[in-house]
Number of protein chains: 2
Amino acid sequence: MTAPPRVSDLTPLISRSVPFLLHCAAFHSTRCVADALEPVGIEPRHFGVLCTLHSSGPLSQGSLGERLGIDRTTMVQLVDDLERRGLVERKRNPHDRRSYQLTLTPAGEETWARAKELAEGSEDQVLAVLDDDERDALRELLARVVLAHDRP
Amino acid sequence: MTAPPRVSDLTPLISRSVPFLLHCAAFHSTRCVADALEPVGIEPRHFGVLCTLHSSGPLSQGSLGERLGIDRTTMVQLVDDLERRGLVERKRNPHDRRSYQLTLTPAGEETWARAKELAEGSEDQVLAVLDDDERDALRELLARVVLAHDRP
DNA sequence: TATTGTTATACTCTATAACTATA
DNA sequence: TATAGTTATAGAGTATAACAATA
């Protein structure tokens, strides 16, 4: 992703538009999460996989990718990364030997817990200029907008 | 950009996080703008160029790219697109013949005005689930967060 | 020598097509 | 025949390096 421009350089036609503001805010927040996760050696997308396996595992690569909106060919590389780091294990499904049962290793659970703290910390950093009520309000407004565009 | 997943498929660890919500909202809003601009034959990035030239032109390709956070090599292609459509004109700067003075053609001004209406309409569509006060609140909260991360 | 615009090239991210092994 | 995972490949989108014209 490319860094957004300086807001002060732009005509208000752009800098006051909601799509532009959302693009900038998304960029900064994702970069903050990425920076925060650096000490545990994973990127935001890997964190998504860890969260999903922690909450809903074991899952096959296919169903994991489906939930996360990630193509199965991309999923292979993501799981390769996590397996190489010893965070995820590829066990064969005994009932269907074509598919895996992906699970977090103990190290994967530890890394997930650590990453969760770091990610939450980065969110505080992104929203530093807002007080608690304003943070709740922003989350609520965004959730409603996003839900309205969700596929059925 | 890749489409975000169905929110209902995700663990709340992800779907309630601000970076994820911002990513989804940014994706949907940009897609809506892109769809809205389709009738005038330009993409959101072209619209950014038209807006900047309308408000602050004439500009050289370099300074235009600098304002918009777009690399100069990418800028060449963008201006090529707009020139091919007859919306932007490359005039040589008489005081420095290395650089251009980019200006909107009359057709460019017309297209800008039309695109502005279409883009504003798409914003209404994105924020359809929010009332006027809520839209203002969202814009205000986003603007403060973005400004806090702006480069000096 | 430095700068503007340009081209050719490389890199990243992601998706499509084709393969294998299982079913 | 169909599906899970994999690999090779191609396509966007963007950035780096090298070049021509001008300063």
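Chain A is the first sequence line, chain B the second, and so forth, proteins listed ahead of strands; every chain is numbered from 1.
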Round to a whole Å and report the spacing from CG of B:Leu78 to C1' of D:dG13. 12 Å
For B:Leu68 and D:dG13, what is the distance between atoms CG and C1' respectively, to the nearest whole Å? 17 Å
Counting N and O atoms only, with roles assigned by atom type, does the side chain of A:Arg6 sit under 3.5 Å from a partner on the main chain of B:Arg151, one being a donor and the other an acceptor? no
Quick check: do B:Gln61 and B:Arg90 have side-chain heavy atoms less than 4.5 Å from each other? yes
Return no unless some side-chain N or O of A:Tyr100 is found under 4.0 Å from OP1 or OP2 of D:dT6. yes
Below 4.5 Å, heavy atoms only, C-beta onward: do B:Tyr100 and B:Leu64 meet side chain to side chain? no
Whole-Å distance between D:dG5 C1' and A:Leu102 CG? 11 Å
Here the distance between atom P of D:dG5 and atom CG of A:Leu64, to the nearest Å, is 9 Å
We want to know whether B:Ser55 and A:Thr11 form a side-chain donor-acceptor pair, criterion being a heavy-atom distance below 3.5 angstrom. yes
Nearest-angstrom distance from the residue atom CG of B:Leu59 to P of C:dT4: 13 Å
Rounded distance (Å) that lies between atom C1' of D:dG5 and atom CG of A:Asp80: 11 Å
Nearest-Å distance for atom pair CD/P, residues A:Gln61 and D:dG5: 5 Å
Beyond-backbone contact of B:Arg144 with A:Glu134, side-chain heavy atoms, under 4.5 angstrom: yes
Measure CE/B:Met75 against P/D:dA15 and give the value in whole Å, please. 12 Å
Under a 4.0 Å heavy-atom criterion, the protein footprint on nucleotides 13-23 of chain C, written with B, S and -, is -SBBBB---BS
Side-chain heavy-atom pair A:Pro19, B:Val126 within 4.5 angstrom cut-off: no
